[in-house]
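The structure appears right after this line, and notes come after that.
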Amino acid sequence: CQDFHDSCAAWAKHGECEQNPAYMKVQCAMACNSCDWFTSRCLSRESMQGIAADVASRALRNAAGVAPGVRVLAEDPFVLAFDNFLNSKEIAAFKHYFAAASLTRSQEGNQVTGRRTSTQMWCNSDECLGDRLIDGVHQRIINLTAVPKSHAEHFQLVQYDVGQFYQVHHDQNSAPDTLAGVRLSTFFLYVQTPEMGGATVFPDLGIKVEPVAGLALWWPNVHDDLGTDFRTRHEAQTVQQGVKWVANLWLHQYDFRGPYSNGCDMAKKISASTDAKSEL
Ligand SMILES: O=C(O)CCC(=O)C(=O)O
Ligand SMILES: [Fe+2]
């Protein structure tokens with residue numbers, strides 16, 4: 001438990017713990033005497049259960065049983081493809097949300113950039129979270145990766161219209177000393193096949209995947225020591241005709257859903273080191 005800001009004591013004196021509790025009780029837990037609250041709310045027991053990064057070998061071992069259509073696109077690092085991972089009912093379930101929801105411009109990290117021009121939504125509404133079909137898909141991903149649901153972000157549903165793309169990037173954008181830790185790996189689903197364009201390309205691995213509804217990809221974002229594995233940089237090429245729908249599921253080192261639903265700041269560093277403090 002700690003204060004994340006030099007002014008915490010002064011703010012607390014001025015009554016900020018009561019006036020602005022959502023911020024203060026987390027950022028200034030010491031000064032606000034809210035250490036227990038902070039610990040139980042943002043650092044659940046589950047959040048302490050880190051998942052080792054050797055998810056690649058585990059995924060491959062589990063793949064044969066869960067998704068017999070597995071193909072190994074690369075071995076070092078492992079990039080796996082699962083043909084027909086989604087059945088037609090599951091595809092329809094995802095499509096329902098694309099069709100019904102209003103999508104907003106995708107961001108890179110938490111910024112709109114010219115490098116990513118798609119629109120998107122998160123599957124975090126009660127309806128989407130309670131969707132039996134989508135939950136069934138997540139359950140298979142859990143069986144495959146051995147990463148529990150708590151450690152997954154919500155499905156991110158992304159739409160690319162003609163001319164839209166995501167330039168070469170890496171998915172690991174979450175510091176190891178944040179609440180949920182690094183994004184260990186990416187589970188990626190194609191929900192609608194565009195008529196032309198929209199391939200996913202891994203330039204360092206010589207892999208090009210043409211989008212086909214139902215196909216899934218899995219790749220690691222970190223090495224076993226949790227350092228970023230830059231070899232899995234990738235790109236969503238421009239859609240030339242039709243609409244491309246995809247879904248991302250990012251799997252974390254620590255509990256994501258608990259602290260997220262408690263309103264904790266997922267980007268905040270939790271280590272007590274002066275380095276981490278100075279960045280806040
Ligand atoms: O749409 C694709 O093919 C890749 C998308 C992607 O890399 C992402 O959303 O992070
Ligand atoms: Fe990506």
Do you reckon Leu73 sits in the same ILVMFWY cluster as Leu205, going by side-chain contacts under 4.5 Å, direct or chained?
-> yes

Say you draw a straight line from OG1 of Thr113 to CD of Glu108; how long is it, rounded to the nearest 0.5 Å?
-> 3.5 Å

Test item: Thr178 side-chain N/O and Ser174 main-chain N/O as donor-acceptor pair under 3.5 Å | no

Determine, step by step, whether Val137 and Gln139 satisfy the side-chain contact (heavy atoms from CB on, under 4.5 Å) criterion, reporting the C-alpha distance in whole Å, the side-chain angles of both residues, the deciding distance to 0.1 Å, and the verdict.
-> CA-CA 5 Å; Val137 173; Gln139 199 56 55; over 6 Å; no

Pair Gln167, Glu235: side-chain N/O donor-acceptor within cut-off below 3.5 Å | no

Drop me the distance from Ser7's OG to His14's NE2, to the nearest 0.5 angstrom.
-> 11.0 Å

Do Phe187 and Leu217 pass the side-chain contact (heavy atoms from CB on, under 4.5 Å) test, and can you show the C-alpha distance, the side-chain angles, and the key distance before you say yes or no?
-> CA-CA 6 Å; Phe187 207 93; Leu217 300 179; over 6 Å; no

Check whether any side-chain heavy atom of Ser106 sits under 4.5 Å from a side-chain heavy atom of Arg116, and report yes or no.
-> yes

Take Lys244 and Thr193, measure what side-chain contact (heavy atoms from CB on, under 4.5 Å) needs, and give me the verdict at the end.
-> CA-CA 6 Å; Lys244 174 187 172 192; Thr193 316; over 6 Å; no

Do you reckon Tyr166 sits in the same ILVMFWY cluster as Val246, going by side-chain contacts under 4.5 Å, direct or chained?
-> yes

Take Leu184 and His252, measure what side-chain contact (heavy atoms from CB on, under 4.5 Å) needs, and give me the verdict at the end.
-> CA-CA 5 Å; Leu184 293 169; His252 278 265; 5.9 Å; no

Considering only NZ, NE, NH1 and NH2 on the basic side and carboxylate oxygens on the acidic side, decide whether Arg183 and Glu153 come within less than 4.0 Å.
-> yes

Kindly give the heavy-atom pair with the smallest separation between Pro77 and Pro220, and that separation in Å.
-> CB-CG, 3.8 Å

Kindly give the heavy-atom pair with the smallest separation between Cys123 and His154, and that separation in Å.
-> O-CB, 3.4 Å

Within-4.5 Å side-chain heavy-atom neighbours: Gln164 and Thr238 | no

Are Arg140 and Phe85 in a cation-pi contact, defined as NZ or CZ under 6.0 Å from the six-membered ring centre and within 45° of the axis?
-> yes

Work out which heavy atom in Asp161 is nearest to a heavy atom in Gln159; give both atom names and the distance.
-> OD2-NE2, 3.1 Å

So, do Phe256 and Met266 sit near enough that their side-chain heavy atoms are less than 4.5 Å apart?
-> yes

Kindly compute the distance separating CG (Asp265) from CZ (Phe4), expressed to the nearest 0.5 Å.
-> 9.5 Å

Could you tell me the separation between the CG atom of Asp171 and the CZ atom of Arg233, rounded to the nearest 0.5 Å?
-> 12.5 Å

Report yes or no: do Val147 and Ile134 belong to one cluster of Ile/Leu/Val/Met/Phe/Trp/Tyr joined by side chain heavy-atom distances under 4.5 Å?
-> yes

Do Thr200 and Tyr190 have side-chain heavy atoms sitting under 4.5 Å apart?
-> yes

Asn87 side-chain N/O to Lys89 backbone N/O, donor-acceptor pair under 3.5 Å | yes

Run through Leu215, Leu144, Ile141 and flag the one making a side-chain contact (heavy atoms from CB on, under 4.5 Å) with Phe82.
-> Leu144

Taking the side chain as every heavy atom from C-beta outward, state whether Phe94 and Phe155 have any pair of such atoms under 4.5 Å apart.
-> yes

Working to the nearest 0.5 Å, report the span between CH2 of Trp122 and OG1 of Thr104.
-> 10.0 Å

Assign the ring pair Trp11 / His5 to parallel, tilted or perpendicular, where the plane angle (0 to 90°) is split at 30° and 60°.
-> tilted

Are Val243 and Leu189 linked, directly or through other ILVMFWY residues, by side chains that come within less than 4.5 angstrom of each other?
-> yes

Between the side chains of Asn221 and Ser185, does any donor sit under 3.5 Å from an acceptor?
-> no

Do Asp131 and Tyr97 meet the criterion of a side-chain donor-acceptor pair at a distance under 3.5 Å?
-> yes

Ser150 and Asp255 have their tightest heavy-atom pair at O-OD1, 2.9 Å

Gap separating the CG atom of Asp3 from the SG atom of Cys35, nearest 0.5 angstrom | 7.5 Å

Which pair of non-hydrogen atoms, one from Phe98 and one from Val191, has the smallest distance, and what is that distance?
-> CE1-CG1, 4.1 Å

State whether the number of non-hydrogen atoms from other residues, nucleotides or ligands found under 6.0 Å of Gln241 atom CD is greater than 12.
-> yes

Would a 4.5 Å heavy-atom cut-off, applied to side chains only, mark Val222 and Asp229 as touching?
-> no

Do Leu80 and Val72 have side chains that get closer than 4.5 Å, going by heavy atoms?
-> yes

Determine, for Asp76 against Arg231, whether the closest basic-nitrogen to carboxylate-oxygen distance falls under 4.0 angstrom.
-> yes

Heavy atoms only: give me the nearest Glu210-Ala199 pair and the separation to one decimal.
-> OE1-CB, 3.8 Å

Are the sulfur (SG) atoms of Cys28 and Cys17 separated by under 2.5 Å?
-> no

Take atom CD in Gln19; do more than 12 heavy atoms of anything else shown fall under 6.0 Å from it?
-> yes

Do the side chains of Leu251 and His151 get nearer than 4.5 Å, heavy atoms only?
-> no

Linked, directly or transitively: Val239 and Val209 (ILVMFWY side chains, under 4.5 Å) | yes

Evaluate the ring planes of Trp219 and Phe188, with Trp represented by its six-membered ring, and classify them as parallel (under 30°), tilted (30 to 60°) or perpendicular (over 60°).
-> tilted

Any donor-acceptor N/O pair, Gln27 side chain to Met24 backbone, under 3.5 Å | no

Check whether the side chains of His170 and Thr228 place a donor and an acceptor atom closer than 3.5 Å, and report yes or no.
-> no

Neighbour count >12 (heavy atoms, 6.0 Å) for atom CZ, Phe165 | yes

